[in-house]
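Only one structure is covered here, and it is reproduced in the block below.
In what follows, residues are counted from 1 in the order of the sequence shown. One-based numbering, in listed order, for ligands and for the atoms of each.
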Amino acid sequence: MKFHYICDRLPKAIIINKYCNMVSYKELGLVNTREMFAKAVKGGYAIPAFNFNNMEQLQAIIKACAETKSPVILQVSKGARNYANQTLLRYMAEGAVAYAKELGWKRPQIVLHLDHGDSYEVCKSCVQTGFSSVMIDGSALPYDENVALTKKVVRYAHRYGVTVEAELGVLAGVEDEVAAEESHYTKPEEVIDFVTKTGCDSLAISIGTSHGAYKFKPEQCTRDPKTGKLVPPPLAFDVLKQIEKKLPGFPIVLHGSSSVPQEYVDIINTHGGKLPDAVGIPEEQLRKAAKSAVCKINIDSDSRLAMTAAVRKVFVDKPGEFDPRKYLGPARDEMEKLYKHKIVNVLGSNGKAK
Ligand code: G3H
Ligand code: 13P
Ligand code: ZN
């Protein structure tokens with residue numbers, strides 16, 4: 001306790017991690033987002049930010065990234081910390097660096113990131129235990145409180161070289177237990193003031209994306225007459241453009257960017273599942289965003305759908321199967337395929353971490 005107090009006040013150069021009970025992300029072979037984002041903004045591509053909660057997801061992410069030589073952000077949400085334990089996930093990320101090297105990826109570029117941190121304390125605990133990046137999500141707070149909280153987290157995290165993502169604007173749907181009925185687009189007129197006052201390294205914005213597999217209500221969409229599937233409305237690229245103009249070259253983040261592949265939805269629905277009218281963000285819109293200042297694209301639901309589709313298929317096709325490796329194995333393969341597809345065909349991050 002006493003040492004934590006002292007550590008918080010010491011300049012970076014004289015912090016002795018051992019006495020402070022701290023693990024630096026650098027010791028784990030991880031990197032922060034600074035250089036990664038600068039290259040992505042310049043190069044017109046986006047870094048994949050994949051959530052993970054278990055070994056199969058992590059294996060699939062690392063295999064896909066090692067094979068395509070893509071930098072990657074491994075995201076840990078509050079739900080993941082509750083499900084799998086923050087310490088265990090941190091050790092898994094450390095293991096992921098070693099696994100990536102074993103797969104022949106000489107210089108893996110892996111970030112361990114806290115997704116939707118909701119307090120200064122949780123961000124601090126992640127910084128102290130080896131995360132290389134944290135998000136402080138004050139988007140549900142009044143503007144001035146969001147600024148104050150973000151600034152406090154930035155001041156602490158930067159002392160240890162950890163980068164900070166902040167959020168302005170509200171996404172519809174559930175954000176780690178913060179539920180919003182309506183989305184509120186980020187106000188371009190606020191972004192310069194927010195970024196200047198807080199010193200954050202990247203900014204998550206709201207331009208029409210949302211979390212989960214139901215991103216739009218049927219009444220917000222049109223229907224494809226041939227397939228009967230919902231066709232979602234376009235993202236607010238005009239708002240993105242205005243933000244880019246206000247903050248030239250500043251890293252922008254898109255949450256809620258799963259595209260909800262209809263082939264997975266169909267497999268789930270024809271194998272005992274029930275996901276009527278699930279709809280996501282069309283990939284061509286994400287491709288367009290990746291070419292702009294959007295340099296981090298968050299994908300979680302698509303991996304859940306890939307996993308669920310593969311598991312349901314095994315259960316229906318092989319009802320006698322009860323070895324978890326026989327259904328989690330195909331699920332892992334399907335996720336790896338999905339991650340590679342996102343990297344190569346949507347975000348364009350392949351070959352950027354050779
Ligand atoms: O922010 C949303 C992510 O998909 C995390 O979701 O809280 O259920 O893990 P979760
Ligand atoms: P999806 O639910 O669209 O995958 O979004 C994930 C996300 O934004 C995690 O923070
Ligand atoms: Zn999110």
So, do Val195 and Ile192 sit near enough that their side-chain heavy atoms are less than 4.5 Å apart? no

Evaluate whether atom NZ of Lys291 has more than 12 neighbouring non-hydrogen atoms of other residues, nucleotides or ligands under 6.0 angstrom away. no

Would you say NZ of Lys69 has more than 12 non-hydrogen atoms from neighbouring residues, nucleotides or ligands within 6.0 angstrom? yes

Should we say atom OH of Tyr83 is surrounded by more than 12 heavy atoms from elsewhere, each under 6.0 Å from it? no

Ring pair (Phe, Tyr, Trp, His ring centres under 6.0 Å) against Phe50, all qualifying residues, sequence neighbours excluded: Tyr339

Only to 10 degrees, please: what angle do the ND1 atom of His255 and the NE2 atom of His211 make about the Zn ion (ligand 3)? 130°

Below 3.5 angstrom, do we get any N/O pair linking Asn51 and ligand 1? no

For ligand 1, does Lys78 get within less than 4.0 Å through its side chain, its backbone, both, or neither, judged by non-hydrogen atoms? neither

With atoms numbered from 1 as shown, which atoms in ligand 1 lie under 4.0 angstrom from a non-hydrogen atom of His116? 1 (O)

Side chain to side chain contact (heavy atoms under 4.5 Å, CB included) test vs Glu336 passes for just one of Gln57, Lys63, Gln59, namely Lys63

Residue shell around ligand 2, heavy atom under 4.0 angstrom: Asn51, Gln75, Asp115, His116, Ser210, His211, Gly212, Lys215, His255, Gly256, Ser257, Ser258, Asn298, Ile299, Asp300, Ser301

With heavy-atom distances below 4.0 Å as the criterion, list the atoms of ligand 1 near Ser77. 5 (C), 7 (O), 9 (O), 10 (P)

Yes or no: does Arg304 have any heavy atom under 4.0 Å from an atom of ligand 1? yes

Checking the N or O distance criterion of under 3.5 Å, is ligand 1 in contact with Asn53? no

For atom OH of Tyr91, is the number of surrounding heavy atoms from other residues, nucleotides or ligands below 6.0 Å larger than 12? no

One finds that the ligand 1 atoms under 4.0 Å from a non-hydrogen atom of Gly79 are 7 (O), 9 (O)

Quick one: which ligand 1 atoms are inside 4.0 Å of a heavy atom on Asp300? 3 (C), 4 (O), 5 (C), 6 (O)

Are Tyr25 and Phe131 near enough that their ring centres are under 6.0 Å apart? no

Do Glu189 and Lys246 meet the salt-bridge criterion of a basic N to acidic O distance under 4.0 Å? no

Only one of Thr33, Asp201, Asn32 clears side-chain hydrogen bond (donor to acceptor under 3.5 Å, both in side chains) with Thr163; which? Thr33

